[in-house]
*Asks:* 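Below are the structure tokens for one structure; questions will follow.
Below, read A as the first sequence line, B as the second, and so on, with proteins coming before strands; counting in each chain starts at 1.
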Amino acid sequence: MAKSVFDELNDRGLINKVDRDGKQILAVTNEVAAREALSSRKVSIYIGFDPSATSLHVGNLVPIMTLAHFQRAGHRPIVLVGGATGMIGDPSGRSTERTLLDNDEVDKNVEAIKKQLSRFVSFEGENAAIMVNNADWIGQKSYLEWLRDVGKHFTVNYMIAKESVRSRLEDREQGITYTEFSYMLLQAYDFFHLFTEFDCLIQGGGSDQWGNITAGTDLIRKRTGKEAIGITYPLITTASGEKFGKSAGNAIWLDGDLTSPYSFYQYWINSEDADVERYLKFFSFVPVEDIATICEEHAKDPHKREAQKRLAAEVTRVVHGEEGLQSALRATQVLFGSTLDGLSDKELNEIFKDVPSTDMKMTDLKAGITLIDMLADTGMCKSKGEARRLIKGGGVSVNNNRVEDIELTLTDANLASETMIMLRSGKKRYHLVKFQN
RNA sequence: GGUGGGGUUCCCGAGUGGUCAAAGGGAACAGACUGUAAAUCUGUCGGCGUAGCCUUCGAAGGUUCAAAUCCUUCCCCCACCA
């Protein structure tokens, strides 16, 4: 018999572990029931996504992969987008005020998100994933109905005992608004609704969602007498404590227009050794036994970065397809391998189509443009002063040659190919300047 | 509504009339070392620029040769009390 999805997730570290009485236990509301249900029948699992952005980012990959593993095991994923709850803001996690989204915007984002998700889970076929929006049911309810059907089932004592609320009550600086305080009831009701209307047995979520999820299983028990299941995955951190999923302060998006396949690939290849094994388990479908082998090989020859290469290739292929991966690989090879000598416009364009570029006038170049101006105008540096400091510190290369002269003026003699100059700051940040008449 | 405490450069946070573009820490960026890793070390970190100048310390006014620092009004946050 095939490995159950429960064991698969557990082997990959996709089920959170918590300390209970000195022992490590899995963060599942009822492990026995969960195992039993998952191995005996087809069940539905839902995870909520925030539709406030036009694209998902790598921080969303863990829930996405979780759903994908369930589907591969024959279960049905339900993607819930929080058209209603997204307006309020979950007090678990951070507490910045959210902006209200209008419906058109949400619809547009939902479409985009669905397209990205369909690279991981199928919305067609036998156990097709479905997408639902909680605005469709929460938006219907009146406040009085709400208090009667949902509020009645929760004591305030229960609610303030939840970690997400308690921490805010204890925090004298922060406080918690009534709106945020109510959030867990909305999420509980989502689960109740999906349980009764869509036969959804399981809710998945990040470990910070535990309180909200159990509020849901409690509500279901009280109103139906039945037992639903909650399961949480760990929140990703990097080994060195940096924020996962950010590069130079920017989110790594799944949308190729927001984060190019090249940048996407580069993000993964820069993973730390200490993270790469976990990442392979989390973000690729490579079997865990193979991952062990890959990592052993990597440990023998760390400088070859085989594990990082494999990771980057796997994830990029799923998100951007084989074509996207190949173009990322070509660009990587040129940028980190050879010089730019002898390349034509066509080749440069092809290889660097993912690298940010700026158009400038050829006539201006012939007259001479200082490197400082160019760095500032392309947006590589925020100001001329920053550009000056960067060059002084040896951080700028033109066509892969480090610049020593702060006052360097570039002319058409500096062109790498017919019409282009390649700027680089640091080791990895590239920018293509194209000159036209 | 009352009382008290606050709002400082990306974040935290010092600074109570000139020596403040503003301590310290974090983040970030660059350099060295490496393996496009981590750790470490070094430098930078408001803008323009050779010296120097310009714009910042919740907002607007005012006092002063001189204000983040004093005064007035206003806005916002927090705590306690009612």
*Asks:* Return the value, rounded to whole Å, for the distance between atom CD of A:Glu306 and atom P of B:rG35.
*Replies:* 15 Å
*Asks:* Please give the distance between the P atoms of B:rG24 and B:rC45 as a whole number of Å.
*Replies:* 12 Å
*Asks:* Side-chain N or O of A:Ser425 less than 4.0 angstrom from OP1 or OP2 on B:rC29?
*Replies:* no
*Asks:* Just the rounded figure in Å: distance from P of B:rU42 to CG of A:Leu390.
*Replies:* 20 Å
*Asks:* For A:Asp273 and B:rA39, give me the distance from atom CG to atom C1', rounded to whole Å.
*Replies:* 12 Å
*Asks:* Between B:rU36, B:rC45, B:rC48, which one does the side chain of A:Arg389 approach most closely?
*Replies:* B:rC45
*Asks:* I'd like to know if A:Gln266 reaches the base of B:rU36 with its side chain such that a donor and an acceptor end up less than 3.5 angstrom apart.
*Replies:* yes
*Asks:* With sequence neighbours excluded, tell me which residues meet side-chain contact (heavy atoms from CB on, under 4.5 Å) with A:Ser383.
*Replies:* A:Glu386
*Asks:* Check whether any side-chain N or O of A:Lys382 sits under 4.0 Å from OP1 or OP2 of B:rA28, and answer yes or no.
*Replies:* no
*Asks:* Regarding A:Lys384, tell me which of base, sugar-phosphate or nothing describes its non-hydrogen contacts under 4.0 Å with the strands shown.
*Replies:* sugar-phosphate
*Asks:* So do the side chains of A:Gln71 and A:Phe120 get within less than 4.5 Å of each other, counting heavy atoms only?
*Replies:* no
*Asks:* Determine which pairs satisfy ring-ring contact (aromatic ring centres under 6.0 Å, His included) with at least one residue from residues 301-324 of chain A, sequence neighbours left out, and list them in order.
*Replies:* A:Phe264-A:His320
*Asks:* Distance check needed: B:rG35 P versus A:Asp275 CG, whole Å only.
*Replies:* 20 Å
*Asks:* By nearest atom, which of the nucleotides B:rU34, B:rA32, B:rA37 is closest to the A:Lys427 side chain?
*Replies:* B:rU34
*Asks:* Rounded off to whole Å, could you give me the CG-to-P distance for the A:Asn270 and B:rA39 pair?
*Replies:* 13 Å
*Asks:* Output the rounded distance in Å from CD (A:Glu277) to C1' (B:rA38).
*Replies:* 16 Å
*Asks:* Distance check needed: B:rA32 C1' versus A:Arg402 CZ, whole Å only.
*Replies:* 9 Å
*Asks:* Looking at B:rG4, which nucleotide sits across from it as a Watson-Crick or G-U wobble partner, both distances under 3.5 angstrom, or is there none?
*Replies:* B:rC78
*Asks:* Students often get this wrong, so: under 4.0 angstrom with heavy atoms, is A:Arg424 touching a base, only sugar-phosphate, or nothing?
*Replies:* nothing
*Asks:* I'd like to check A:Ile369 versus A:Phe435 (side-chain heavy atoms, cut-off strictly below 4.5 Å). Are they in contact?
*Replies:* yes
